[in-house]
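Data first, discussion second: the structure below is written as structure tokens.
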Amino acid sequence: MSAIVFIALLIAIYCGFISDQLPDFSAYTTTLLLLISLVICITVMPRNFSVGFLTSLLPFAIAWRVGAMNDVKPIMVICSIGMFFFAVQFFDCMRNDQNHYKKDGWLGDMQWQMTFVRIYFAYNEVGHCTEKLFAGNDSFQHLEQVFYRYGLHTNTGSYVIFAGLCELALAIGLGFGFLTRLAGLGGFLYILSVNQYGGHFFNGYTWNIRASGGLSNGGWEYILLLLVFFGSFVISGAGKFSVDRWLIDRHLMPSFLIPCCLSKAGREALERNN
């Protein structure tokens, strides 16, 4: 995995600073993100796969998205290959866990199912935060125009940055499984509030709606899906494939923050095991 990330880093440097395929600051963000991913792959993943996997995947996925948004095909190709191998690593880890810890049985299978869905939905926010924070001036200015049409006529750029940071925090919190219950609550409140501006709650239920002028802004079907999903992690927390679990097992999570990670049942189980 480290070799693929290293090749992606070299390609990003070439595309950003030699061939100028990556515009303005996206050349710097893509290079920095892939460098972070590479360092984590080399230093963290061999020691703890779950933490290394989760924390290296996010910057790699953002770099992939930057390349795709700017139609930089070399980055798109190498990152697509890299994402395939990230997926292979994840499912291999899941298979090994199922084979060696059969005492978890059906509940263990359900936990892996939710882990897979959790990572997908969390890193789905990569597409949104990338266009606001990492993809370059053209993307940022386009989002400023979009936010202006939503009625945010003053400090529009600040709202774009704030929204991007919220989406990045959501990708980190749920994607890493870090302070997961708090991240789930934050995601629920964020999706609920920002979609007041998009008007989805006033467009009916179905997401793909045909209006007289063509495709409308969509109803609240997809928004409800996100609300239910993010809100569900306020109940459960992240499970064992998470940064929360790594920190708690090593007594590195402050006790006052443990309720942000584990439900009451999870905390009681932790106390019994200790």
Do you know which two heavy atoms are closest between [X] and [Y], and how far apart they sit?
X	Y	answer
Val5	Ser37	CG1-OG, 3.8 Å
Leu54	Gly175	CD2-O, 3.2 Å
Ala8	Leu34	O-CD1, 3.4 Å
Gly187	Leu170	CA-CD1, 3.6 Å

Is any side-chain heavy atom of [X] closer than 4.5 Å to a side-chain heavy atom of [Y]?
X	Y	value
Met114	Phe233	yes
Phe53	Cys93	no
Asp92	Asn96	yes
Leu152	Val160	no
Leu32	Thr29	no
Pro23	Asp138	no
Ser26	Phe134	no
Cys79	Phe60	yes

So does Phe6 have more than 12 non-hydrogen atoms from other groups sitting under 6.0 Å from CZ? no

Would you indicate whether Phe116, at its atom CZ, is surrounded by more than 12 heavy atoms from other residues, nucleotides or ligands within a distance under 6.0 Å? no

With a 6.0 Å cut-off on the ring centroids, do [X] and [Y] count as close?
X	Y	result
Phe230	Phe188	no
Trp246	Phe241	no
Phe91	Phe86	no

Count I, L, V, M, F, W, Y as connected when their side-chain heavy atoms are under 4.5 Å apart, and connections chain through other members. Are [X] and [Y] then in the same cluster?
X	Y	answer
Ile235	Leu174	no
Leu192	Phe121	yes
Met45	Val39	yes
Ile13	Ile36	yes
Ile7	Leu10	yes

What's the verdict on side-chain contact (heavy atoms from CB on, under 4.5 Å) for Phe140 and Ile161, showing C-alpha distance, side-chain angles and the deciding distance? CA-CA 9 Å; Phe140 183 81; Ile161 294 172; 3.7 Å; yes

Quick one, Lys132 with Phe147, criterion side-chain contact (heavy atoms from CB on, under 4.5 Å). Give me CA distance, side-chain angles, the key distance, then yes/no. CA-CA 11 Å; Lys132 298 177 179 70; Phe147 277 47; 3.9 Å; yes

Within the distance-only criterion (no hydrogens, no angle test), does the side chain of [X] pair as donor or acceptor with the backbone N or O of [Y] below 3.5 angstrom?
X	Y	result
Ser193	Tyr190	yes
Arg181	Pro259	yes
Asn70	Ala135	yes
Ser139	Gly136	no

Restricting to pairs with a member in residues 38-63, which pass side-chain hydrogen bond (donor to acceptor under 3.5 Å, both in side chains), not counting sequence neighbours? Asn48-Ser50

Starting at [atom1] of [X], measure out to [atom2] of [Y] and round the result to the nearest 0.5 Å.
X	Y	atom1	atom2	answer
Leu22	Thr31	CG	OG1	7.0 Å
Leu58	Phe176	CG	CZ	5.0 Å
Met253	Leu262	CE	CG	8.5 Å
His128	Leu143	NE2	CG	10.5 Å
Leu257	Leu252	CG	CG	12.5 Å
Cys41	Leu57	SG	CG	9.0 Å

Determine, stepwise, if the pair Asp97 / Arg95 fulfils salt bridge (charged side-chain N to carboxylate O under 4.0 Å, His left out). CA-CA 5 Å; Asp97 182 77; Arg95 180 183 60 83; over 6 Å; no

Sequence-distant partners of Tyr222, ring-ring contact (aromatic ring centres under 6.0 Å, His included), two or more places apart: Trp207

Evaluate the criterion side-chain contact (heavy atoms from CB on, under 4.5 Å) for residue pair Arg149 and Val146; output intermediate values, then yes/no. CA-CA 5 Å; Arg149 291 198 296 271; Val146 172; 3.5 Å; yes

Ile42/Ser2 under side-chain contact (heavy atoms from CB on, under 4.5 Å): CA gap, chis, key distance, verdict: CA-CA 6 Å; Ile42 294 173; Ser2 300; 3.8 Å; yes

Short N-O contact, Lys240 and Asp249, less than 4.0 angstrom: no

Output the rest of the hydrophobic cluster of Tyr14: all Ile, Leu, Val, Met, Phe, Trp and Tyr residues reachable through side-chain heavy-atom contacts under 4.5 Å, sorted by chain and number. Ile18

Side chains of Glu144 and Tyr159: any donor to acceptor distance under 3.5 Å? no

Evaluate ring-ring contact (aromatic ring centres under 6.0 Å, His included) for Phe17 paired with Tyr28, printing each intermediate quantity in order. CA-CA 9 Å; Phe17 302 102; Tyr28 296 94; 5.1 Å; yes

